[in-house]
Protein chains: 2
Amino acid sequence: MDIPQPIISTVDIVLLLIKDERLCVTLSKRDKDPYENQEALPGGYIHAEEDRDCLDAAVRILRQKTGLLPPYLEQLKTFTGAARDPRGWSISVAYFALVDADLILSSANPGLTICPVDALRRLPFDHNEIIAAAVDRIRNKSQYSSLPCYLAGETFSLPRLQKIYEACLGEALHKVSFRRKMDELGVLEAVPGQTESAGAHRPAQMYRLKSEFKNQLKLLVRGL
Amino acid sequence: MDIPQPIISTVDIVLLLIKDERLCVTLSKRDKDPYENQEALPGGYIHAEEDRDCLDAAVRILRQKTGLLPPYLEQLKTFTGAARDPRGWSISVAYFALVDADLILSSANPGLTICPVDALRRLPFDHNEIIAAAVDRIRNKSQYSSLPCYLAGETFSLPRLQKIYEACLGEALHKVSFRRKMDELGVLEAVPGQTESAGAHRPAQMYRLKSEFKNQLKLLVRGL
DNA sequence: CCAAGTTAGTTACAATTTGCAACTAACAAA
DNA sequence: TTTGTTAGTTGCAAATTGTAACTAACTTGG
């Protein structure tokens with residue numbers, strides 16, 4: 001009675017970045033059958049012979065489609081069902097990745113598009129829903145963690161980081177509170193001597209993630 | 001080149017409850033091949049013909065194995081890979097469910113065991129890891145949400161609810177802070193006239209979830 | 001070289017939230 | 001009616017947060 005059925009198993013990736021102070025998602029032109037040539041989340045089949053697990057598959061697909069390994073990558077949520085893919089009952093394990101925009105723009109990828117998450121048209125499959133889940137996640141985690149730092153480059157000024165947080169949260173933040181919170185999170189360190197001159201005003205001190213947080217998220221949640 | 005491979009697709013459920021003021025997980029005796037007769041998370045194959053999606057499968061499996069539909073059920077995380085199941089490369093979409101202990105104990109299920117999450121022996125597959133993810137999640141959400149209310153019954157006193165929160169969090173809470181937080185969350189309402197006499201002392205007021213939160217989690221996260 | 005304009009960053013303080021101790025309330029049992 | 005026990009409240013100190021007003025450091029234009 002309990003016989004496994006063939007189910008399409010894929011991985012999709014929501015690669016977020018900041019462009020023009022807006023939260024954007026990376027779309028890739030589909031090169032195969034369903035929805036060929038349409039823009040969709042970068043994704044692909046799980047290769048049971050090749051991938052040790054889904055994270056492996058996500059890394060492989062990211063490298064294939066974008067040519068980079070983002071500094072932050074975690075599982076987002078799994079989307080399943082008979083209705084989401086015209087090929088039949090499918091499972092898509094969605095991943096959530098953050099990257100500095102400069103990395104992706106510099107490694108000029110032809111098939112890639114960067115689109116603001118609040119200006120998306122209707123995408124194939126349930127990809128709008130997947131992106132919505134990713135936006136939800138970054139909104140939530142931006143409230144109490146240093147996650148958005150992975151959207152900045154190696155070094156960045158606090159005013160720029162604040163703009164990134166504001167893009168993630170979709171609301172303006174108060175300067176003093178923001179800086180206090182960053183200080184208290186304790187994940188940043190000033191880069192000695194390095195400043196950023198961005199116009200006719202005082203230059204900003206540059207910061208970077210402390211090395212122990214380079215590949216790890218520090219969650220600081222307040223007690224009950 | 002990109003050919004889908006047959007991958008075993010299953011759903012596993014972490015059904016949590018409070019017994020003797022401890023956070024416990026529901027285990028089910030396996031009736032089939034790998035690890036037959038061993039205790040493991042209740043789970044089963046996804047039935048592509050029958051289940052519309054994984055949540056559907058989770059509900060079906062819950063009904064089959066426990067005979068109930070918990071008041072809280074959400075996707076937890078997906079566990080994948082070649083190493084986790086002796087049958088081969090597998091995907092398990094894990095679900096996270098909460099239930100009042102009285103419900104499960106009263107509907108006396110033969111094949112079920114209730115085991116404290118901090119007293120588990122080595123389980124089949126990667127089920128220890130899945131349970132750890134569930135405990136992480138309830139720990140996290142217990143800090144800022146009313147999630148543990150789903151572990152209480154229809155009505156409950158605040159002292160009992162506090163004990164439930166403490167079991168979830170693994171630490172003692174201060175009475176006044178706890179009650180203030182519950183008040184501020186605004187998800188509870190006193191049941192008029194109803195009190196609980198639990199010994200030679202003042203009886204406690206009974207509360208219940210406001211009806212608008214019966215099947216929904218209210219997340220209250222503090223701003224940056 | 002100095003004044004004006006602009007953004008970076010700090011300080012000071014009020015408002016709010018939290019942790020904690022000490023209280024009162026309501027029951028059972030002796 | 002006194003005692004013990006837990007329920008629930010009150011009041012205040014400590015910590016955190018929001019906000020305005022400040023100083024700092026630069027560029028540009030006279």
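Below, chains carry the letters A, B, ... as their sequence lines are ordered, and counting in each starts from 1. Keep in mind the model is a prediction, meaning the values are calculated, not measured.
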**Spacing between A:H174 atom NE2 and C:dA14 atom P, to the nearest angstrom** = 18 Å
**Request:** Send over the distance from A:K181 NZ to C:dT17 P, rounded to a whole Å.
**Result:** 14 Å
**Request:** Assign the ring pair A:Y144 / B:Y144 to parallel, tilted or perpendicular, where the plane angle (0 to 90°) is split at 30° and 60°.
**Result:** tilted
**Message:** From CE of A:M182 over to P of C:dG9, roughly how many Å is that when rounded to an integer?
**Reply:** 14 Å
**Complete:** Judged by nearest nucleotide, the residue sitting upstream toward the 5' end of DNA chain C, A:V176 or A:A198, is A:A198
**Message:** Please report whether the ring centroid of A:F156 lies less than 6.0 Å from that of A:Y207.
**Reply:** no
**Request:** May I ask you to verify if any side-chain N or O of A:R179 is less than 4.0 angstrom from the OP1 or OP2 atom of C:dG9?
**Result:** yes
**Prompt:** How close or far is atom C1' of D:dA25 from atom CD of A:E196, stated in whole angstroms?
**Reply:** 14 Å
**Asked** Got a salt bridge between A:E189 and A:R208, using NZ or NE/NH1/NH2 to carboxylate O under 4.0 Å?
**Response** yes
**Request:** Starting from C1' on C:dA8, measure out to CD on A:Q162 and report it in whole angstrom.
**Result:** 11 Å
**Prompt:** Atom CG of B:D183 and atom P of D:dG8: how far apart are they, to the nearest Å?
**Reply:** 13 Å
**Item:** Atom of B:S146, atom of B:Y165 and distance for their closest heavy-atom approach
**Value:** CA-OH, 3.2 Å
**Request:** Taking only heavy atoms on the protein side, list every residue of residues 199-208 of chain B lying under 4.0 Å from any atom of DNA chain C, sorted numerically.
**Result:** B:G199, B:A200, B:H201, B:R202, B:P203
**Prompt:** Taking only N and O in the side chain of A:S177, is any of them less than 4.0 Å away from OP1 or OP2 of D:dG18?
**Reply:** yes
**Request:** Flag the pair A:R84 and B:D53 as a salt bridge only when some basic side-chain nitrogen lies within less than 4.0 angstrom of an acidic carboxylate oxygen.
**Result:** no
**Asked** Is it true that A:K141 and A:E74 have a side-chain N and a carboxylate O under 4.0 angstrom from each other?
**Response** yes
**Prompt:** A:F178 has an atom CZ; how far is it from atom P of C:dA8, in whole Å?
**Reply:** 12 Å
**Complete:** Whole-Å distance, A:L173 CG to D:dT17 P, equals 13 Å
**Residue-phosphate contact under 4.0 Å: B:K175 side-chain N/O, D:dG8 OP1/OP2** = no
**Message:** For the backbone of B:R179 and the side chain of B:D183, can you confirm whether one donor and one acceptor N or O come within less than 3.5 Å of each other?
**Reply:** no
